[in-house]
Amino acid sequence: MIENKDTDLWNRFRQGEEQALYALYDQYYHLLLFLGLKICARSEPVKDCIQQVFLYLWEKKEGLGTVTNVRSYIITSFKRKLLLHLQQEKKDNGLLSLWINQDPGDDIPSREQLLIHQQQNKEAIGRIQEAITLLSPRQKELINLRFYEGRNYDEIADITGLTHRTVYNHLYEALKSLKQSLEQDLKSGKLNLRMLLLLLPL
C-alpha cells in the first residue's frame, strides 16, 4: 500500500507536481534524519543533505525514470550525498563505505518505531525548550554557535569578540544550568542533552 502510494507520488512529481515532491519530503524527512544522525552527530549537515537530495530530484525530474522501490532509491541517494559531504570534510572514518553499501532495508526502524521516536523527541524538545528560556541571551548565542553551527572555541571567540576562556566559561555555565533544570530527565535516560541540542532549533 505504502509502495503504491510512493510510486504514485514519484510519478506525479516527475510530471512537475510540486505537492507530490513535498509529500515525499514530508514522508521521508524524519527517517533520513534518523539514519543520518547515526553516522554524523551534527544535525546541520544531515539536514542540508536531505534538502539537497530533494532539490536535486526536482531539478532532474524530467530525466528520472520509473523507480520500482521509491523508499530504497531515496535512502540510497541520501546516503551517497551524506557520504560525499563527509568525505569532502575529511570525516570519513571508514565505516561510511560500509554504511552506504548496506541494503536500504537493514537497520531501519519500522513506521511504528519511528513514530514512537518522533513522539519521544517532541516531548523531550518541549522540556528542553522550557529550560533554554531560562538562559541568558549570551548563553543562547554561544550554544547556537557551538552545537548548531558546529563552531570550535577559537571560531566562537573570533565571532563574539570574547576570549577563549570566557567562551568556555559561559558554555560551561549554560550546560550546567540546563543539566540542573533537566536533572530528572537526564538521570532517567529520557533525555540525551547533546543530541537534543543538535536537533532543537533556537
Side-chain angles (χ1 to χ4, degrees), residues 6 9-10 13 21-60 67 69-129 132 140-153 155-156 159 171 175 178 190-202:
D6 285 354
L9 289 172
W10 180 266
F13 117 76
L21 182 70
Y22 296 151
L24 285 172
Y25 179 88
D26 289 340
Q27 181 167 326
Y28 284 101
Y29 177 83
H30 288 289
L31 173 59
L32 298 180
L33 183 64
F34 179 89
L35 295 174
L37 287 172
K38 293 177 70 175
I39 294 297
C40 176
R42 294 172 297 121
S43 65
E44 287 309 311
V46 176
K47 292 177 181 178
D48 286 346
C49 287
I50 294 173
Q51 293 173 356
Q52 288 172 25
V53 165
F54 283 93
L55 179 61
Y56 174 83
L57 291 176
W58 180 253
E59 290 175 345
K60 301 296 182 182
V67 173
N69 190 328
V70 175
R71 177 188 176 93
S72 175
Y73 185 93
I74 290 175
I75 290 172
T76 300
S77 298
F78 165 68
K79 285 184 173 184
R80 288 175 178 159
K81 177 65 71 175
L82 185 58
L83 173 65
L84 179 61
H85 176 85
L86 294 176
Q87 284 178 332
Q88 289 173 341
E89 284 192 339
K90 302 186 185 303
K91 294 186 178 180
D92 183 353
N93 61 7
L95 296 176
L96 291 171
S97 297
L98 295 175
W99 178 66
I100 196 173
N101 290 321
Q102 280 183 330
D103 186 290
D106 289 348
D107 199 30
I108 291 179
S110 66
R111 183 169 180 79
E112 291 75 19
Q113 289 173 320
L114 194 59
L115 287 173
I116 291 172
H117 178 75
Q118 290 174 12
Q119 183 60 34
Q120 289 173 337
N121 269 353
K122 184 177 180 181
E123 293 171 359
I125 283 172
R127 291 194 292 275
I128 201 170
Q129 276 180 324
I132 284 180
K140 290 179 185 177
E141 177 191 16
L142 296 179
I143 282 179
N144 181 60
L145 290 170
R146 182 74 181 97
F147 293 98
Y148 295 77
E149 297 186 18
R151 306 279 187 171
N152 60 39
Y153 288 102
E155 290 173 329
I156 296 173
I159 292 169
L171 279 171
L175 292 175
L178 286 176
K190 292 180 181 178
L191 283 180
N192 179 315
L193 185 60
R194 179 174 175 80
M195 185 59 69
L196 284 172
L197 284 170
L198 288 167
L199 290 171
L200 180 66
L202 289 176

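Keep in mind that what you see is a predicted model, and the values were worked out from it rather than measured.
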Tell me, please, which residues at least two apart from Tyr25 pass ring-ring contact (aromatic ring centres under 6.0 Å, His included). Tyr29, Phe54
Give the minimum heavy-atom separation between Phe13 and Leu57, together with the two atoms involved. CE1-O, 3.4 Å
Nearest non-hydrogen partners of Leu33 and Ile50, listed with the distance: N-CD1, 3.6 Å
Sole residue of Thr76, Val46, Val53 in side chain to side chain contact (heavy atoms under 4.5 Å, CB included) with Lys81: Val53
Check against side-chain contact (heavy atoms from CB on, under 4.5 Å), Gln27 and Leu9: CA-CA 11 Å; Gln27 181 167 326; Leu9 289 172; 4.3 Å; yes
Measuring from atom CG of Leu24 to atom CZ of Arg71, what distance do you get when rounded to the nearest 0.5 angstrom? 12.5 Å
So how far is it from Leu171 CG to Glu141 CD, rounded to the nearest 0.5 Å? 10.0 Å
Please round to the nearest 0.5 Å and tell me the distance separating atom CG of Leu32 and atom OG of Ser77. 9.5 Å
Taking every heavy atom of Phe78 against every heavy atom of Cys49, the minimum-distance pair comes out as CE1-CB, 4.0 Å
Rounded distance (nearest 0.5 Å) linking atom CG of Leu55 with atom CG of Asp48: 11.5 Å
Non-hydrogen side-chain atoms of Tyr28 and Asp6 separated by less than 4.5 Å: yes
Do Ile143 and Leu178 touch side chain to side chain, with heavy atoms closer than 4.5 Å? yes
Verify side-chain contact (heavy atoms from CB on, under 4.5 Å) between Ile74 and Val67, making sure each step is shown before the conclusion. CA-CA 10 Å; Ile74 290 175; Val67 173; over 6 Å; no
